[in-house]
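Below is one structure, written out as structure tokens; the observations come after it.
All ligand and atom numbering here is 1-based and tracks the order in the structure. The model shown is predicted, which means the values in this text are computed figures rather than measured ones.
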Amino acid sequence: MKREDYNLPFMLRYENVAWYEDGKVRILDRRIYPTEVRFVTCTTYQEVAQAITDMVTQSAGPYTAAGMGMALAAYQVRDESLVKQRIFLKEAAATIGHARPTTANRMLQITHHALQAAELAFERGTSAEEAIFNETLKSLNRRYATMSRVGDYLLTKINANDHVLTQCFGETIVGMMLRGAIEQQKLFKLYTAETRPYLQGARLTASCGVDMGFDTTVITDNMVGYVMEYEGIDLFTSAADTIALDGYIANKIGTKQIALLAQHYDVPYYVTGIPDEHKKSHHDIVIEMRDPQQVLTFQGIPHTLNGAKALYPSFDITSPNLIAGIVTDKGIYQAAEVATYFDTAVQQFY
Ligand SMILES: CSC[C@H]1O[C@H](OP(=O)(O)O)[C@H](O)[C@@H]1O
């Protein structure tokens with residue numbers, strides 16, 4: 001299986017996201033990157049599922065980790081009867097697929113493709129582990145190709161030297177948009193809201209920006225109003241963990257307040273991603289609640305007296321009236337009309 005070369009920053013290079021080899025899945029630990037470059041090694045699919053739940057990798061990293069975890073599951077059960085292998089792989093698909101609730105539909109699609117690849121290998125008498133690994137790489141390449149089209153549509157809204165604000169870290173779109181901007185010589189200025197408490201914006205998006213040579217400024221989450229007022233932001237953009245067919249989107253907590261400020265300052269907000277045909281409305285979106293301890297601490301160090309409570313909803317939901325457009329691989333849709341995305345044939349994305 002050929003690895004595509006997308007000229008990606010270090011943390012997005014294929015073997016650094018999540019990689020299966022010889023009975024192990026190695027995942028770059030994004031909880032500490034870039035201050036430390038360390039990998040978590042999983043020797044069972046259950047450990048891979050736990051690593052996804054623990055956000056060792058996040059954004060689209062779990063999609064790759066899910067496929068690699070399925071290859072590992074096939075390895076774990078390789079010496080058993082076909083009946084046992086099928087049962088074990090189905091259990092693995094369900095466990096990994098549900099590792100994070102808000103993106104479960106996408107994750108289940110990935111593990112379903114792994115099951116199909118394994119089935120084909122069983123029929124042919126070839127290695128299921130290898131078949132799943134190859135399918136995972138194909139899926140990763142499909143995602144990069146799709147997001148490259150999304151990035152190109154988004155770049156039609158951006159000019160060289162624009163001030164572009166992002167929230168959180170949408171790994172495939174960040175990689176593809178920055179790469180596209182370099183190709184088109186549209187070197188915009190990147191502002192990344194730090195995205196407490198996990199700091200995706202500061203640690204991950206800003207690192208990609210710097211890695212790819214962009215003028216990158218990190219701001220704390222409470223500086224957005226100031227920055228819009230005094231620095232001037234031309235466009236706000238984010239990925240989405242899910243896009244419902246009624247035009248509501250769920251993205252990293254804090255997105256909604258930036259969208260509200262953007263409306264106040266007349267800054268267009270463009271969401272990138274592919275709508276979820278199984279989420280007819282925002283009522284179908286499940287918001288992941290994470291351990292509040294992570295709000296009271298930073299990388300394990302407490303910054304509050306014992307006794308204070310905290311809240312950690314991982315995502316919030318932004319309404320269509322705050323969104324200038326949903327940027328997909330087929331073009332840019334008015335949020336309220338995003339369901340029409342499915343009026344024409346949809347290419348396989350995951
Ligand atoms: C899967 S799209 C990218 C997306 O991932 C982020 O969430 P998390 O860091 O919790 O995995 C986020 O909200 C992004 O826009």
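- A donor-acceptor pair under 3.5 Å is formed between the side chain of E171 and the backbone N or O of G61.
- No N or O atom of S314 sits closer than 3.5 Å to an N or O atom of ligand 1.
- Close approach of ligand 1 to F169 is summarised as follows: ligand atoms under 4.0 Å from at least one heavy atom of the residue are 3 (C), 4 (C), 5 (O), 14 (C).
- Closest heavy-atom approach to atom 10 (O) of ligand 1 among the candidates K252, R106, Q200: K252.
- Of the candidates T111, T103, L140, T103 is the only one forming a side chain to side chain contact (heavy atoms under 4.5 Å, CB included) with Y63.
- For the residue pair E229/Y265, the side-chain donor-acceptor check at 3.5 Å is satisfied.
- Within the listing of ligand 1, atoms 3 (C) sit less than 4.0 angstrom from a heavy atom of G170.
- A side-chain donor from one of Y341 and D329 sits under 3.5 Å from a side-chain acceptor of the other.
- When each of R149, M176, M177 is tested with L154 by the rule side chain to side chain contact (heavy atoms under 4.5 Å, CB included), just one qualifies, namely M177.
- In terms of protein heavy-atom proximity, atom 15 (O) of ligand 1 is closest to N251 OD1, 2.5 Å.
- When only modelled atom types and interatomic distance are considered, D284 and H278 share no side-chain donor-acceptor pair under 3.5 Å.
- Residue P62 does not touch ligand 1, judged by heavy-atom distances below 4.0 Å.
- The nearest protein atom to atom 3 (C) of ligand 1, hydrogens excluded, is given as S59 OG, 3.2 Å; this is a heavy-atom distance.
- K189 forms no cation-pi arrangement with F214, by the criterion of a distance under 6.0 Å to the ring centre and an angle within 45° of the ring axis.
- Here Y198 has no heavy atoms under 4.0 Å from ligand 1, in either its backbone or its side chain.
- The shortest N/O to N/O separation between Y63 and ligand 1 does not fall below 3.5 Å.
- The shortest heavy-atom distance from T103 to ligand 1 is not under 4.0 Å.
- Heavy atoms of E171 found under 4.0 angstrom from ligand 1: none, in either backbone or side chain.
- Checked against the 6.0 Å centroid criterion, the rings of F188 and H163 do not qualify as a close aromatic pair.
- Summary of contacts: the protein heavy atom closest to atom 12 (C) of ligand 1 is D241 OD1, 3.1 Å.
- The part of C168 lying near ligand 1 is the side chain, judged by heavy-atom distances below 4.0 Å.
- Under a cutoff of 6.0 Å and an axis angle of 45°, R30 and Y33 do not form a cation-pi pair.
- The side-chain tip of R203 points at the ring of Y198 from less than 6.0 angstrom away and within 45° of straight on.
- Formation of a donor-acceptor pair under 3.5 Å by the T297 side chain with backbone atoms of Q299 is not found in this model.
- Contact annotation: A240 has at least one heavy atom less than 4.0 Å from an atom of ligand 1.
- Of all atoms in ligand 1, numbered sequentially from 1 with element shown, those under 4.0 Å from a heavy atom of Q58 are 8 (P), 9 (O), 11 (O).
- Within the 4.0 Å heavy-atom shell around ligand 1 one does not find E288.
- For a threshold of 3.5 Å applied to N or O pairs, the pair formed by Q167 and ligand 1 contains no separation below that value.
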